[in-house]
Protein chains: 2
Amino acid sequence: MGAGTAERRAKTEAEQGHGQGLRERRRQQTRAEITDAALELFAKGSVAATTVDEIAAAAGVSPRTFFRYFASKEDAALPVHQDFNAAIAAGLPSVDPQGELRREVHGLYGLMVQPYLDNASPAAQRMLQVTRLMRKEPSLRAAVVHQSLERTEEVQAALAARFGAVHEDALELRLAIDIASAVVRASFDAWASRLETGEPADLAAIYQQALDFSK
Amino acid sequence: MGAGTAERRAKTEAEQGHGQGLRERRRQQTRAEITDAALELFAKGSVAATTVDEIAAAAGVSPRTFFRYFASKEDAALPVHQDFNAAIAAGLPSVDPQGELRREVHGLYGLMVQPYLDNASPAAQRMLQVTRLMRKEPSLRAAVVHQSLERTEEVQAALAARFGAVHEDALELRLAIDIASAVVRASFDAWASRLETGEPADLAAIYQQALDFSK
DNA sequence: TGCCATTGTGGCAGATACTGTCATATTGAC
DNA sequence: GTCAATATGACAGTATCTGCCACAATGGCA
């Protein structure tokens with residue numbers, strides 16, 4: 001295994017260039033396979049009728065491993081919504097502590113829709129697929145709300161620190177976050193709903209409408 | 001049918017006056033006992049550390065019976081929030097289909113806070129106890145949001161029918177409901193929060209502040 | 001008052017979700 | 001090439017929740 005080993009090493013380090021090492025890339029791949037399996041099974045049958053064991057088998061991993069990637073079968077179908085956490089984290093530094101509360105928070109949550117403005121993009125197609133499924137599955141909607149709730153608590157803490165004494169009252173901050181979150185969710189829902197019925201739907205326009213209405 | 005039969009009939013109907021018969025009253029009593037047991041155990045330990053078996057034992061019923069009353073241990077602590085459904089149902093007829101959407105929906109959801117405006121009332125004390133517990137227990141918060149989500153779907157259907165063609169667009173209706181719901185939840189939370197820290201707190205004033213802020 | 005349909009309850013078995021732990025294999029750094 | 005870190009799988013165990021059945025309590029009706 002002399003030359004073979006060296007070869008393997010070189011390959012490994014080259015791969016670190018984009019994916020942080022083979023290990024991490026393999027992890028992302030497994031994660032994606034679980035998600036694909038879950039979405040397919042959910043679409044074929046239903047969320048309730050699909051077991052974790054089935055998803056794990058379809059993805060080629062053990063049930064135990066499934067739970068190392070996702071906390072529940074619902075979460076397996078919604079990794080898209082975890083990207084939201086990244087979007088929020090990335091946008092936090094841009095929040096102006098002196099700015100108007102509602103405006104700043106809407107600006108922050110508006111980042112969530114950015115990646116999906118082009119209906120034809122793969123990201124948008126994926127999001128549409130999930131949102132469509134969500135419209136039929138109450139348990140998925142509940143899971144999204146659950147994720148949203150957890151995110152809310154973190155965002156509130158982060159924003160409270162950032163706004164400091166300007167908004168020491170938690171009431172308005174919490175409300176601003178919940179409203180911004182509702183605007184985003186309603187926009188995605190309406191977007192998927194309209195495309196489902198064949199209507200043309202522009203996510204940017206829908207989001208703007210929702211935003212205006214919320215004020 | 002003799003006089004005896006008539007007498008029994010009358011007695012039965014008299015009981016229906018407050019409790020709809022002994023059966024229903026007994027049911028309410030059992031329900032309350034389960035809730036009390038759950039709240040006590042949750043407060044003593046934590047929601048996660050408390051099992052359904054323990055709650056059932058403390059309430060003097062079998063675990064099987066527990067699940068005939070509540071779908072989960074979290075729900076057992078939150079029957080208060082099911083009163084919301086009754087409040088909404090009662091208020092639906094008063095919604096003006098010609099009125100402004102946001103205004104009407106806020107009017108409807110505002111009914112939820114009505115029973116708790118007097119801080120000293122037993123209902124308010126009970127609500128405070130639950131809300132305080134909720135602030136420490138993420139799983140209870142999640143359960144409340146879950147109940148809220150289910151209620152939302154029903155309310156949306158009812159209001160869509162009531163508003164008819166005036167608001168054929170689901171986006172604004174959904175958003176109005178979600179915002180009104182968030183206003184109520186944030187108000188209760190701030191109310192409990194301020195009383196917890198010893199501050200004076202007027203639920204009516206807080207709700208008004210939240211309402212103004214949301215516009 | 002007595003009969004009967006309805007309804008509440010408990011016990012049991014079982015499916016499913018999830019977690020801790022250990023042994024094993026793979027990866028990656030030196 | 002060796003060793004530490006990490007990923008996986010298998011296993012056992014706990015908790016949630018449901019269907020089913022037998023039994024008891026209730027309430028309508030003759």
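Below, read A as the first sequence line, B as the second, and so on, with proteins coming before strands; counting in each chain starts at 1.
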Problem set entry | A/Thr50 backbone acceptor or donor facing A/Lys73 side chain under 3.5 Å | yes
For this session: Using atom types as modelled and distance alone, determine if a side-chain donor or acceptor of B/Thr65 lies under 3.5 Å from a backbone N or O of B/Val61.
Result: no
Exercise. Hey, does the Lys NZ or Arg CZ of B/Arg27 hover above the aromatic six-ring of B/Tyr69, less than 6.0 Å from the centre and inside 45° of the axis?
Worked result: yes
Seminar exercise, completed: By nearest-heavy-atom nucleotide on DNA chain C, the more 5' of B/Arg26 and A/Val47 is B/Arg26
Problem set entry | Selection: residues 60-72 of chain B, any non-hydrogen atom under 4.0 Å of DNA chain D | B/Arg64, B/Phe67, B/Arg68, B/Ala71, B/Ser72
Exercise. Rounded to whole angstrom units, what separation is found between the CD atom of A/Glu33 and the C1' atom of D/dA7?
Worked result: 15 Å
For this session: Provide, to the nearest angstrom, the distance between the CZ atom belonging to B/Arg27 and the P atom belonging to C/dT9.
Result: 6 Å
For this session: Measure centre to centre between the rings of A/Tyr207 and A/Phe188, then say whether the value is under 6.0 Å.
Result: no
For this session: Using whole Å, report how far CD1 of A/Ile34 lies from P of D/dA7.
Result: 13 Å
For this session: Quickly work out the B/Arg31 CZ to C/dT9 C1' distance and round it to whole Å.
Result: 17 Å
Exercise. Among the nucleotides C/dT6, C/dT26, C/dA17, which one has an atom lying closest to any side-chain atom of B/Arg23?
Worked result: C/dT6
Exercise. Could you give the NZ-to-P distance, from B/Lys73 to C/dC18, as a whole number of Å?
Worked result: 13 Å
Exercise. Roughly, in whole Å, what's the span from CD in A/Glu24 to P in D/dA5?
Worked result: 18 Å
For this session: Please examine the side chains of B/Leu92 and B/Leu159, heavy atoms only from C-beta on, and report whether any two atoms are closer than 4.5 Å.
Result: yes
Problem set entry | B/Ser181 side chain to B/Arg185 side chain, donor-acceptor N/O pair below 3.5 angstrom | yes
Seminar exercise, completed: Here DNA chain D, pairs taken as Watson-Crick or G-U under 3.5 Å and shown with ( ), [ ] when crossing and | when to another strand, reads ||||||||||||||||||||||||||||||
Exercise. What's the CG-C1' distance between A/Asp53 and D/dG9, to the nearest Å?
Worked result: 13 Å
Exercise. Is B/Asp36 salt-bridged to B/Arg126, going by a charged N under 4.0 Å from an acidic O?
Worked result: yes
Exercise. Is the side chain of A/Arg162 donor-acceptor paired with the backbone N or O of A/Val95 at a distance under 3.5 Å, no angle test?
Worked result: yes
Exercise. Going by atom types alone, do A/Glu33 and A/Gln29 pair a side-chain donor with an acceptor below 3.5 Å?
Worked result: yes
